[in-house]
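Here the structure is laid out as structure tokens; the discussion comes afterwards.
Just so you know, residue 1 is the first one in the sequence shown, and it goes up from there. All heavy atoms count here, side chains included; hydrogens, waters and symmetry mates do not. Order of appearance sets the numbers: ligands from 1, and atoms from 1 within every ligand.
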Amino acid sequence: MRHIIDARDFHRHQLEDLFEFTTEIRGRCEQNKNACRAWHPHELVFLVFYEPSTRTRFSFQTAALRLGMDVEITEAARQFSSAKKGETLEDTIQAMCQLEPSIIVLRHDSDGGARRAADVAGYHGIPIVNAGDGGNQHPTQALLDLYTIQSEIHRLDDLHIVMGGDLAKGRTIHSLTYLLSRFSNVRFTFIAPSEFQLPESICTHLREHSFPFTQTDDMGADFERADVVYWTRLQDERRDVPQQSPSHIITPKHCQQMREDAIIMHPLPRVGEISHDVDVDPRAAYFRQIKNGLYVRMALLSQLLRNE
Ligand code: NCD
């Protein structure tokens, strides 16, 4: 049973296959956005979201509709599903599986929530797609991030990526770091105060796979060398003491340090850590990421339905 739970489950050849298929879908949809509507009729996807979402929920929903699938959604599942009455995640997933969806896309508020759901749904032969589990991982965001890097930089080997913001709790950072570690000669610079730095387990992963990385609190470090500057917001909802405002904000002044062929990425939403006057810079790729996400998720859902 293939679930999409953890970025580490993807091997390089699977990423390459997925991105080739994504590019095919993108080509078709750019000609005619309904080009794939006849691909998966009568398939049903459940979107079960225990945490707020704009992009990921709309992206999965649009991807499914563009493939001709039917979609059922519960958003704010903490308030509007039986979780409110005290039902466990396992029982909720068990109940949903009785209705025979083809796929369940789950955003859960606890680390490991997607894995727990997969243990139940796998028994019914229903794949779980992790749309974010607490501060742990967000593999489909990382897939669309990686696809964006490939589309814009034209390679995934020999990269220097600077990551900043909430590296400790930012699940997109964790998943993207794991995906990039499938490629060669990738160098990382992680910019954050020590309490926001990358979890030790991911540092260990990078060391074990011989990837050079630097951890610093120096805003702008290595910007002049970077192919990609990937920024994130502070994950205040995952912290006991909320931060008032981000300590490191990207402004046009920082963009001046960057190479002409570099890109600036962000999974969004941003809450002040990239100033709005950066948006007009052609290197700002964060809205283009969203478009790519639609095609990556179409490819992923279609692959799952074809059992590839
Ligand atoms: C991210 C998430 O939910 O982890 N958003 C997204 O899915 N695009 C990033 C975030 O919320 O900070």
Side-chain angles (χ1 to χ4, degrees), residues 4-7 47-64 73-78 105-115 117 128-149 161 163-179 190-192 195-199 202 228-239 242-250 263-274 279 284-298 300-301:
I4 310 294
I5 304 294
D6 186 316
L47 305 186
V48 186
F49 278 59
Y50 286 75
E51 279 190 339
S53 172
T54 305
R55 270 149 294 272
T56 307
R57 184 166 51 83
F58 274 94
S59 178
F60 269 112
Q61 182 173 14
T62 308
I73 302 177
T74 175
E75 57 172 329
R78 277 265 161 248
V105 177
L106 174 72
R107 168 166 289 190
H108 202 256
D109 46 7
S110 65
D111 295 24
R115 181 76 67 199
I128 293 287
V129 177
N130 180 4
D133 63 324
N136 182 35
Q137 285 215 32
H138 192 348
T140 69
Q141 176 70 40
L143 290 170
L144 75 89
D145 293 338
L146 198 66
Y147 183 76
T148 301
I149 297 172
I161 182 162
M163 292 179 167
D166 199 336
L167 309 172
K169 307 269 182 197
R171 56 196 176 191
T172 70
I173 296 272
H174 305 163
S175 292
L176 183 57
T177 303
Y178 283 133
L179 287 188
F190 297 110
I191 302 179
E195 65 272 32
F196 294 94
Q197 270 294 346
L198 202 65
I202 304 182
V228 178
V229 172
Y230 187 103
W231 228 241
T232 55
R233 75 179 169 95
L234 301 178
Q235 305 279 309
D236 267 352
E237 71 273 36
R238 308 194 198 290
R239 295 181 180 282
Q243 300 292 308
Q244 294 310 313
S245 55
S247 53
H248 296 325
I249 300 170
I250 299 188
I263 56 172
I264 306 162
M265 299 177 66
H266 193 302
L268 300 176
R270 68 176 149 187
V271 281
E273 64 281 353
I274 297 184
D279 298 0
Y286 28 92
F287 292 112
R288 297 194 290 273
Q289 283 168 249
I290 300 169
K291 191 62 151 284
N292 290 330
L294 170 64
Y295 302 131
V296 169
R297 289 183 172 119
M298 285 176 75
L300 199 65
L301 291 176

Between the side chains of Gln137 and Asp133, does any donor sit under 3.5 Å from an acceptor? no
Check: Ala168 main-chain N/O paired with His174 side-chain donor or acceptor under 3.5 Å: yes
Might you work through the side chain to side chain donor-acceptor pair (under 3.5 Å) test for Ser110 and Tyr50, ending with a clear yes or no? CA-CA 9 Å; Ser110 65; Tyr50 286 75; over 6 Å; no
Passing option when His266 is tested against Glu273, Gln289, Arg233 for side chain to side chain donor-acceptor pair (under 3.5 Å):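 By the side chain to side chain donor-acceptor pair (under 3.5 Å) criterion, His266 pairs with just one of Glu273, Gln289, Arg233: Glu273.
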Flag this pair as yes if the NZ/CZ of Arg297 is under 6.0 angstrom from the six-membered ring centre of Phe60 and inside a 45 degree cone about the axis; otherwise no.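 Checked: cation-pi criterion met.
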Would you mind reporting whether Ile264 and Tyr286 have side-chain heavy atoms less than 4.5 Å apart?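 Tyr286 reaches Ile264 side chain to side chain.
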Contact residues of ligand 1 with a heavy-atom cut-off of under 4.0 Å?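 Residues Thr56, Arg107, His138, Gln141, Arg171, Thr172, Arg233, Gln235, Pro267, Leu268, Pro269 each place a heavy atom under 4.0 Å from ligand 1, listed by chain and number.
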